[in-house]
Each structure stands twice: as structure tokens, then as C-alpha cells.
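For this chain, numbers begin at 1 and follow the sequence in order.
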Amino acid sequence: MRYSERGSKPGELKVTQYHWLVLRADGRELKLAAPPGEVGRAALRLGGQDGWLCWPERWKLIEDELPAAFVADAGEVIMGLADPDEARPYLDGTHRPAASRRPVRRLPRTTAFAAAVHGPIVGGALLAALITSPVLYFGPDGMPWALDWLLCALAAAAVVVFPLRGAGAASQGLPEGASWSVREEYDPSIA
């Protein structure tokens, strides 16, 4: 991740954040930039795996960042952009992957719904609505006050306890042992 701080007026800061994977080969490093969600997923799934970098055939016509794909030996792919100056040593055309009929698939996306996390949250809300429905239907005069308070307290407990269970399931689903390296680079003109 890199921060670039530069404003359009004196005294104003503009912060830009970049996310990339660092690919190492032959004692060199290459940064493959991708969206933040994909970088995190790829770091967890592809960390330490061998693979191939695939470039466009007509890379000399591209002036800005080069589109590239890292294909792991397991067949998972992450697409990104690389700096042409860092990529130049790899663009000589001498390294070609062996012809293979192995299927290649894009890195799986993280799902927006996880039953272990979101199920208890939705269940708690539905249970709270079910418990409070007699109080709402009959009103404060239609039921004894002690029963009103008991049902409302049970509904409040359901709204609190079930989401906490969902949050606990979310924290249990995180991988352990993942390490991140943080590099900070500064623009010398700002210092």
C-alpha cells in the first residue's frame, strides 16, 4: 500500500492509496496492482505459490501501466496492472509457460452473505419482531404491564444476543497466521 499526499492548493492534502501484490522471481520484485478486496483475497489464497505472469502480446503499444495476470500453478488467476519499468526485464519474450490444458479460473470472490454470520442477525431481528407482536397488536391496555415489560425485555435480549453470535462467527472465520508487510513511501517534495 502506498500513500501519495499532494494537494491542489498550498496547505491542502490529497491522499491516494494503492494496493498491490509483490511477486518475486529471480531476485527481483514486481508489484501487481489490483482492487483492495482482490489483493487481500489473493494474498491469503495465493501466498507462497508458484505461477506464471501473463502479459499482452503487443505490450510496446501500451504507454501507461501494463495489464497483467498472475496464474498460480493451482489454476487461480488474479488480474492487475504493473509498472512498465518494473516489468521490462520480464517482457523479453524468452519465458513462455509450458503448453497446458489445465483449466484456469478467476480467483473466487468473497460472498456478500455468510449464513454463519448473517443468519443469527436476521434470526434475532425476526424473533424480536415475533416476541413484540402481541404487545404491538393489543397495545398497553390489552395486556398486563408485567407481561408487556417481559416481552419487550426478551425482544431486546434477542436483538443484542443474536447479532453478537453472528459477530463471533465472523471473527472465527478469519484465517490465522496471515502476515502483512507495510511499506511507507513519501514524496520528497512534501517533506
Side chains of [X] and [Y]: closer than 4.5 Å at any heavy-atom pair?
X    : Y    : answer
F162 : L127 : yes
V77  : M79  : yes
L66  : W55  : yes
W20  : L81  : no
E38  : I78  : yes
P56  : P67  : yes
L107 : L46  : yes
L151 : T132 : no

Open item on the list: Let me confirm one number: the CG-CG distance from D148 to L136, rounded to the nearest 0.5 Å.
Closed with: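 Rounded to the nearest 0.5 Å, the CG-CG separation comes out at 9.5 Å.
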Task: side-chain hydrogen bond (donor to acceptor under 3.5 Å, both in side chains) partners for R45, two or more places apart - done: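 With neighbours one apart ignored, the set is E76.
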Open item on the list: Name the residue from L32, L21, L30 that meets the side chain to side chain contact (heavy atoms under 4.5 Å, CB included) definition with F70.
Closed with: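 Exactly one option meets the side chain to side chain contact (heavy atoms under 4.5 Å, CB included) with F70, and it is L32.
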If I compare all heavy atoms of [X] with all of [Y], which pair ends up nearest, and what's the gap?
X    : Y    : result
A128 : A155 : CB-O, 3.6 Å
D73  : G51  : OD1-CA, 3.8 Å
G166 : P120 : N-CB, 4.0 Å
C152 : V135 : SG-CG1, 4.4 Å

Kindly work out whether a path of hydrophobic side-chain contacts (I/L/V/M/F/W/Y, heavy atoms less than 4.5 Å apart) joins [X] to [Y].
X    : Y    : value
F138 : L147 : yes
L164 : V159 : no
Y137 : L154 : yes

Open item on the list: Can you tell me if D85 has over 12 outside heavy atoms packed within less than 6.0 Å of its CG?
Closed with: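 Buried by this count: over 12 neighbours within 6.0 Å.
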